[in-house]
Amino acid sequence: MKKNLVFAIFAVLITTTVSAQWQPVGNRIRTEWAEKVDPQHVLPEYPRPQMTRTQDPNGWINLNGLWDYAIAPLGEKPTQYNGKILVPFAVESSLSGVGKSLGNNNELWYNRTFTVPAKWSGKRVLLHFGAVDWKTDVWVNGISIGSHTGGYTPFEFDITAALKKGENEVKVRVWDPTEKSFQPRGKQTSKPRSIWYTAVSGIWQTVWLEAVPQQYIKQLRTTPDLDRKLFRIETTISQAQPDDLVEVRILDGGKQVAAGRALGSAAVEVNIAEPKLWSPDSPFLYDMEVTLLRNGKVLDRVQSYTAMRKFSIGKDQQGIVRLQLNNKPMFQFGPLDQGWWPDGLYTAPTDEALVFDIIKTKEMGYNMIRKHVKVEPARWYYHCDRLGVVVWQDMPSGGNNPQWQNKRYFTGEEAHRTVESENNFRKEWKEIIDALHWSASIGVWVPFNEAWGQFKTVEIAEWTKAYDPSRLVNPASGGNHYHTGDMLDMHNYPHPELILLDTKRATVLGEYGGIGYVMKGHLWAPDRNWGYIRLKSEKEVTDTYEKYADMLYQQIKRGYSGAVYTQTTDVEIEVNGLITYDRKKIKVDMERIRKINERICNSLK
């Protein structure tokens with residue numbers, strides 16, 4: 001009894017000490033999930049649901065939590081740390097416990113220690129970063145282990161050779177100039193206003209350690225082919241040998257329904273005679289198991305999942321080009337989703353918070369989400385896959401802007417980028433596509449939005465289509481239009497308007513709406529708010545939404561094949577959301593909105 005009491009007192013003291021080291025900062029609104037953030041168990045879920053090793057559930061360690069941090073002038077190493085920061089929340093956020101701007105003349109330093117379990121002996125140890133914005137340098141025990149540029153994609157280092165027995169130290173340095181450079185940054189700015197939001201710097205997704213075999217499966221690239229009724233699985237192996245054998249099993253409810261094998265780097269093709277199809281109405285997912293063998297010995301085995309679905313375009317009986325899912329026309333309709341949080345900025349406070357917006361989108365009757373100039377953690381796409389929602393994925397914008405022409409095909413001069421800027425765009429866009437290729441729900445790639453940093457549109461669109469022909473390409477959402485890609489995408493605020501109609505590509509309304517409604521007590525800045533139009537009640541907003549939806553419905557008959565309503569939630573001073581920024585209030589009549597949206601989504605059935 002005394003021993004248990006001592007342990008309980010010790011646990012309370014530890015918790016109290018940790019709490020004293022960290023508290024959310026600032027006095028702005030927060031979500032209800034902010035109160036559930038435990039600095040000792042921050043975002044504890046396994047961060048890579050598309051590739052797991054369930055046979056060794058103790059084969060990974062979550063490094064989220066309190067790290068030492070310092071902000072130092074560019075090029076100077078700090079002599080001491082400023083305090084504690086809660087990883088993985090950006091330094092500017094409330095939940096980081098810091099709430100400070102970094103700026104382009106400073107660098108952000110992180111430091112923490114960790115111990116590698118003895119049972120990991122004989123294995124390789126990987127250090128994973130979900131995403132860090134923007135340039136990252138990493139040291140382990142004073143040994144430089146690598147660098148990475150790009151704020152939206154995961155990266156990893158094999159740190160095995162740098163480890164020692166007992167306690168190890170990891171140090172991270174981040175430089176993030178935001179709009180003072182060419183980097184993709186989406187809506188981040190050092191001077192937030194209207195539709196531009198607070199900068200996000202440093203680690204903003206989960207950091208974790210993973211133990212893997214000496215030769216292991218590094219990456220899976222699974223592509224469904226509905227017309228041929230097969231899956232194509234490409235596997236990247238560390239230290240690959242020509243006689244390596246890869247076995248793939250496809251399972252339905254634990255029962256094997258198909259299997260295939262390949263040697264070396266060859267792709268595995270797995271046929272399913274009568275595949276179950278994925279759609280928003282029936283988001284069926286197959287389980288998948290991939291095994292690496294050498295001379296009959298199992299070296300590694302990973303679990304994954306996949307889905308049989310096809311995104312395409314095709315003409316209907318009236319000759320109008322329609323978006324298609326599984327070779328059938330489907331009007332794709334959903335909200336513009338910014339993916340921002342008042343407490344965590346780019347990072348949702350919890351996994352429950354991360355999935356909240358998706359659930360509400362489905363409950364409102366939508367079948368699609370446009371993820372706007374941001375890339376989410378892998379778990380967000382996993383939730384879209386399992387819940388059933390099509391995703392239009394934007395490339396985060398950045399760079400200089402050319403003239404914007406949104407009501408005709410482009411006749412102006414595109415932006416001229418430096419070689420460094422252009423190469424960086426291509427690098428980061430490819431990394432994003434590679435990182436998200438596994439997701440069943442992503443149906444459209446969107447390289448440019450409203451001329452933000454837009455350059456060499458035809459070339460970029462054609463490269464994107466060639467690199468991933470399994471998805472559609474929306475080359476330029478909202479203008480500067482070209483006769484390329486799969487879609488012609490117009491923006492019109494506040495109400496829908498069909499301005500151009502493409503006879504060879506699907507015509508979509510990439511943004512409209514923006515109905516603003518200020519709800520007191522749920523505002524980021526009570527004295528400074530912005531919306532495309534301003535209404536004063538839930539009924540007014542819902543009535544206006546319905547009026548616009550009726551206009552859209554009529555324009556579907558004339559040629560629209562998809563539409564995006566602005567937007568899921570309020571963000572900072574922008575009050576155009578269906579939901580408040582703190583996610584505590586729905587700003588419309590949910591039941592009416594659901595019926596309105598279902599009518600739109602079912603319009604081509």
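Quick note: residue numbers are just sequence positions, from 1. The shown structure was predicted, so the numbers you read here are calculated from the model rather than taken from an experiment.
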D570 side chain to H522 side chain, donor-acceptor N/O pair below 3.5 angstrom: no
Reference residue R583; test side chain to side chain contact (heavy atoms under 4.5 Å, CB included); the match among T568, I29, D357: D357
All ring-ring contact (aromatic ring centres under 6.0 Å, His included) counterparts of W120, not counting sequence neighbours: none
Aromatic ring proximity, centroids under 6.0 angstrom, Y110 and Y69: no
E352/K36 ion pair, N-O < 4.0 Å: yes
W429-W445 aromatic ring centre distance below 6.0 Å: yes
Test item: R417 side-chain N/O and N423 main-chain N/O as donor-acceptor pair under 3.5 Å: no
Polar side-chain atom of T206 near backbone of P47 as donor-acceptor pair, under 3.5 Å: no
Donor-acceptor contact below 3.5 Å, side chain Q303 vs main chain T54: yes
Between W340 and Y346, ring centroids under 6.0 Å: yes
Expected output: side-chain R124 to main-chain Q214 donor-acceptor under 3.5 Å: no
Modelled atom types, side-chain donor and acceptor of N111 and W67, under 3.5 Å: no
Residue pair N449 / R370, side-chain donor-acceptor N/O under 3.5 Å: yes
side-chain contact (heavy atoms from CB on, under 4.5 Å) evaluation trace for T178 with S190: CA-CA 7 Å; T178 313; S190 59; 5.7 Å; no
Test: K135 and D137 ion pair at under 4.0 Å: yes
Side-chain H-bond candidate by donor/acceptor type, S194 with E574, under 3.5 Å: no
Basic-acidic side-chain contact under 4.0 Å: K456, E422: yes
Test item: D38 side-chain N/O and Q40 main-chain N/O as donor-acceptor pair under 3.5 Å: yes
Residues forming a ring-ring contact (aromatic ring centres under 6.0 Å, His included) with W341, sequence neighbours excluded: none
Counterpart residues, ring-ring contact (aromatic ring centres under 6.0 Å, His included), relative to W530 (two or more places apart): Y532
